[in-house]
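To start, the structure itself, in structure tokens.
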Amino acid sequence: MINSRLLLDSYKNNKMIKNRLILVSNRLPFRITERRGEMEFSPSSGGLVSSIKSYIQKTNESLDFNKDNCPVWIGTSDITEKKFKPHLQSGSVFHDKFELAPVFIPASTKDKFYNGFCNDTIWPLFHYFPSYAKFSEDYYEEYVKANMLFCDKILEMYKSGDIIWIHDYHLMLVPALLREHIPNATIGFFLHIPFPSFELFRLIPSNWRKEILNGLLGSDLIGFHTNDYVQHFLKSIQQILGFENMLRVVTTPERSITVDTFPISIDYNKFSKGSTDNDTFAERNKIKKRLYDTKLIVSVDRLDYAKGLINRLESFELFLEKYPVYRKKVVYILLVVPSRDIITKYKETKKEIEGLISRINGKYGNIDWTPVVYQYKTLEFKKLLALYLAADVALITPMRDGMNLVAKEFVASRTDKRGVLILSETAGASSELGEAILVNPTDRNEIAEAIKQALTMPVEEQVARNESMQKRLQEYDVMKWAEDFVSQLLLRKVKQEKLNVKEVTLQIENQILDKYINSENRLLLLDYDGTLTPLARLPHLAYPNGELINLLNALATDKKNEITIISGRPIEALEKWFGHLPLNLVAEHGAFYKKKDSGWLQTIPVFATWMPSVLPTLNLFTERCAGTFVEQKELSLAWHYRNAEKELGFLRSRELINALVEMSSQLDFQIIEGNKVVETRARGIDKGVAASLWLQHKKYDFVLAIGDDKTDEDLFKVVPATDYSIRVGLTQSMAKYNFKQQKDVLSFLKKFQMVSSTSMPFD
Ligand code: ADQ
């Protein structure tokens with residue numbers, strides 16, 4: 001077993017310090033302007049940028065980065081290519097310990113990519129506003145083009161050994177595009193917005209949704225904020241691409257990918273320490289003084305329909321309606337940062353918000369009191385902090401939010417442990433901030449009541465709630481989040497490298513062929529389904545084609561070869577397909593065998609007395625799960641669920657195994673799990689037992705076993721250590737080597753055929 005911790009530590013020691021980080025996001029982390037021929041950089045706002053920058057700056061301080069190994073950040077910038085180009089040396093510019101590499105997207109692509117597919121299709125759909133999502137071919141075409149431009153820029157900057165970390169929904173195709181050019185690169189992807197339930201994701205047109213999922217699977221590690229998003233993603237992968245996962249590791253024919261939860265956080269100390277800063281405190285006091293004894297409710301959001309601003313304002317209105325005693329006693333400061341204001345839905349949302357504010361202020365306000373104070377701007381850090389500190393209540397009720405950093409910032413800044421957070425249960429942050437007053441963002445009455453509860457909450461209760469939340473945020477801050485992600489990414493790479501070591505390379509192929517050529521007595525033990533032929537929907541559809549029959553015939557007529565097909569199939573199927581060829585056949589996972597030119601025999605004396613007791617259970621599961629069926633053989637029974645609804649099929653297969661395990665303690669059968677099949681067979685038989693019929697003669701100077709399934713592991717176990725065994729698919733196995741996919745088997749065996757017919761060494 002791999003000791004992951006040790007492996008990771010050694011990997012870090014050997015590689016991480018030397019490894020450069022390449023961060024890729026839609027935008028660069030600085031606003032860049034040009035004044036009188038000089039570039040000017042100012043920090044840009046936004047959850048992603050502020051989080052990652054904090055992590056990088058801390059790492060930079062401790063690791064003493066220089067220009068050669070400082071992190072690279074790739075993204076777009078507002079400044080035009082014409083203005084930027086003269087300042088770039090080999091495609092990038094250095095600033096604040098970052099190498100910034102701008103991607104230039106032509107205006108013709110940018111609008112349909114960013115305002116179109118990103119924010120008019122993916123954003124509304126992933127935030128559960130499907131009716132706002134526009135599915136336009138033009139949008140998607142430009143999305144593909146923009147992702148290709150990002151890919152080109154990454155390839156331009158990439159040096160072997162770099163770690164590439166791609167961020168967010170704008171770039172979901174990039175991992176797979178990169179993988180085509182740099183197959184062994186270390187690539188991580190993090191999604192900052194929710195991943196929606198399968199029922200919503202499936203609304204994306206078929207080709208696009210497949211490309212998006214395959215695009216993401218180009219990564220080694222895919223991160224989400226919450227466990228729900230991970231589950232939604234895994235379900236979409238299973239339903240749309242048909243890939244299962246085992247403990248969140250998705251295995252495709254090419255690679256294995258880890259999918260996991262990494263709840264993003266904030267730079268906790270920046271907020272807690274910042275709140276004790278004198279200027280900030282003076283600013284906070286100024287706000288308090290202006291309010292006298294009026295209570296303050298605060299919210300901070302980007303302008304976005306997903307942030308639930310309309311419902312929130314209506315809830316505040318309802319609160320004033322229900323509790324007139326609070327009129328003149330409470331002010332709601334609504335701070336909104338401008339965002340995506342050329343998209344129609346955003347323009348409409350802004351208009352609606354402003355109309356609503358006028359209505360509330362007109363209805364309840366008077367000359368001394370404005371119930372809602374609206375600010376449509378970005379606040380600088382200290383002013384933002386002062387607002388958090390002055391607030392009695394933070395009212396954060398997005399309809400959907402990947403995480404929501406404002407909620408965390410508010411809690412972290414309250415070193416006085418006062419103030420109450422009202423948080424939407426549909427924000428990712430609610431999974432970690434359970435001590436907040438959690439509300440349904442569509443329920444105006446619940447929000448109005450929550451405001452009342454918050455304004456009357458005893459101080460001791462405020463302190464207790466905030467303390468618990470602060471402890472959690474302090475322990476898992478943004479540094480931990482980023483470290484955790486990068487460590488997991490490296491760990492996945494280590495595990496993959498271990499598997500890759502076993503992948504059959506050209507060199508290994510040649511080594512095996514060399515031994516084949518120089519041997520006189522060869523034994524080839526070949527599984528059938530999934531090895532010699534692709535897996536099919538129904539067993540009878542996976543019949544051998546003419547090409548395979550010819551290949552097997554050619555190999556078997558070479559006098560030096562002994563070919564044994566060793567399968568779980570019943571005697572009749574093998575006899576029908578291969579009976580006329582000079583092959584040895586093994587049926588029912590080793591229960592029966594036939595040496596060429598002789599008849600069928602039972603391998604060892606076993607009985608099927610258990611079968612009448614087991615069959616009704618399998619039949620019951622067939623009735624309970626449409627699309628499944630039982631295959632009855634002489635000494636084994638197989639319950640196939642390949643054609644069942646994927647999730648239900650898997651669930652029922654677990655239940656069936658449980659039921660069979662109980663029965664097997666009293667009956668003489670064993671349970672084996674294959675690819676979408678649960679089999680029961682007489683105890684004492686397996687493919688290894690059957691293979692020993694040939695191997696015990698020890699006359700073979702070349703043995704090769706190939707199989708794709710768990711049942712083939714018994715076969716691999718008995719192959720002598722000096723010989724060869726290969727498992728199809730990049731999974732952990734007793735086999736010496738792995739093939740990526742089934743078609744690799746045939747092209748490999750064809751090389752045997754070629755050397756057999758030419759007797760020339762293969763080069
Ligand atoms: P955003 O949708 O941008 O991020 P959020 O997580 O709340 O949402 O981050 C907003 C950031 O901008 C906060 O740091 C906040 O302080 C700042 N901000 C907002 N309004 C401001 C204003 N008027 N003045 C100054 N600063 C302001 C996306 C996802 C989120 C996810 C983050 C990080 O939509 O769900 O939490 O990425 O993954």
Problem set entry | Steps toward side chain to side chain contact (heavy atoms under 4.5 Å, CB included) verdict (Asn738, Val504) | CA-CA 6 Å; Asn738 292 74; Val504 177; over 6 Å; no
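- Using a distance-only test at 3.5 Å, with no hydrogens or angles considered, a donor-acceptor pair links the side chain of Glu713 to the main chain of Met734.
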Problem set entry | Derivation and outcome, side chain to side chain contact (heavy atoms under 4.5 Å, CB included), residues Glu141 and Lys112 | CA-CA 9 Å; Glu141 249 173 54; Lys112 287 181 180 142; over 6 Å; no
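- Scanning both residues, Tyr114 and Cys118, for their nearest heavy atoms gives O-CB, 3.2 Å.
- Using modelled atom types, one side-chain atom of Lys153 and one backbone atom of Gly91 make a donor-acceptor pair closer than 3.5 Å.
- If you check the side chains of Glu425 and Ser430, you find no donor sitting under 3.5 Å from an acceptor.
- A distance of 9.5 Å separates CD1 of Ile706 from OG of Ser725, quoted to the nearest 0.5 Å.
- Between Phe98 and Phe30, the angle of the ring planes goes over 60°, which puts this pair in the perpendicular group of the 30/60° scheme.
- Within the 3.5 Å criterion, the main-chain N or O of Gln741 finds a donor-acceptor partner in the side chain of Asp744.
- Checked against ring pair (Phe, Tyr, Trp, His ring centres under 6.0 Å), Phe485 has the following partners two or more places apart in sequence or in another chain: Trp165, Phe262.
- At a cut-off of 3.5 Å, with distance as the only test, a side-chain donor of Glu211 or Tyr140 sits close to an acceptor on the other residue.
- Residues meeting the ring pair (Phe, Tyr, Trp, His ring centres under 6.0 Å) test with Phe195, sequence neighbours left out: Phe126, Phe201, Phe224, Phe233.
- The aromatic rings of Phe117 and Trp208 lie perpendicular to each other, with more than 60° between the two planes, well past the 30° mark.
- Here the side chain of Thr121 pairs a donor or acceptor atom with the backbone of Lys134 at under 3.5 angstrom.
- Tyr169 and Asn26 share no donor-acceptor pair across their side chains, judged by distance under 3.5 Å alone.
- The main-chain N or O of His192 is never found under 3.5 Å from a side-chain atom of Tyr229 such that the two would form a donor-acceptor pair.
- Both the sub-6.0 Å distance and the 45° axial angle are not jointly satisfied by Arg652 relative to the ring of Phe650.
- For the pair Arg27 and Trp73, the cation-pi test (distance below 6.0 Å, angle within 45°) is failed.
- Arg209 and Ser236 share no donor-acceptor pair across their side chains, judged by distance under 3.5 Å alone.
- The two residues Ala101 and Val72 have their closest heavy-atom pair at CB-CG1, 4.4 Å.
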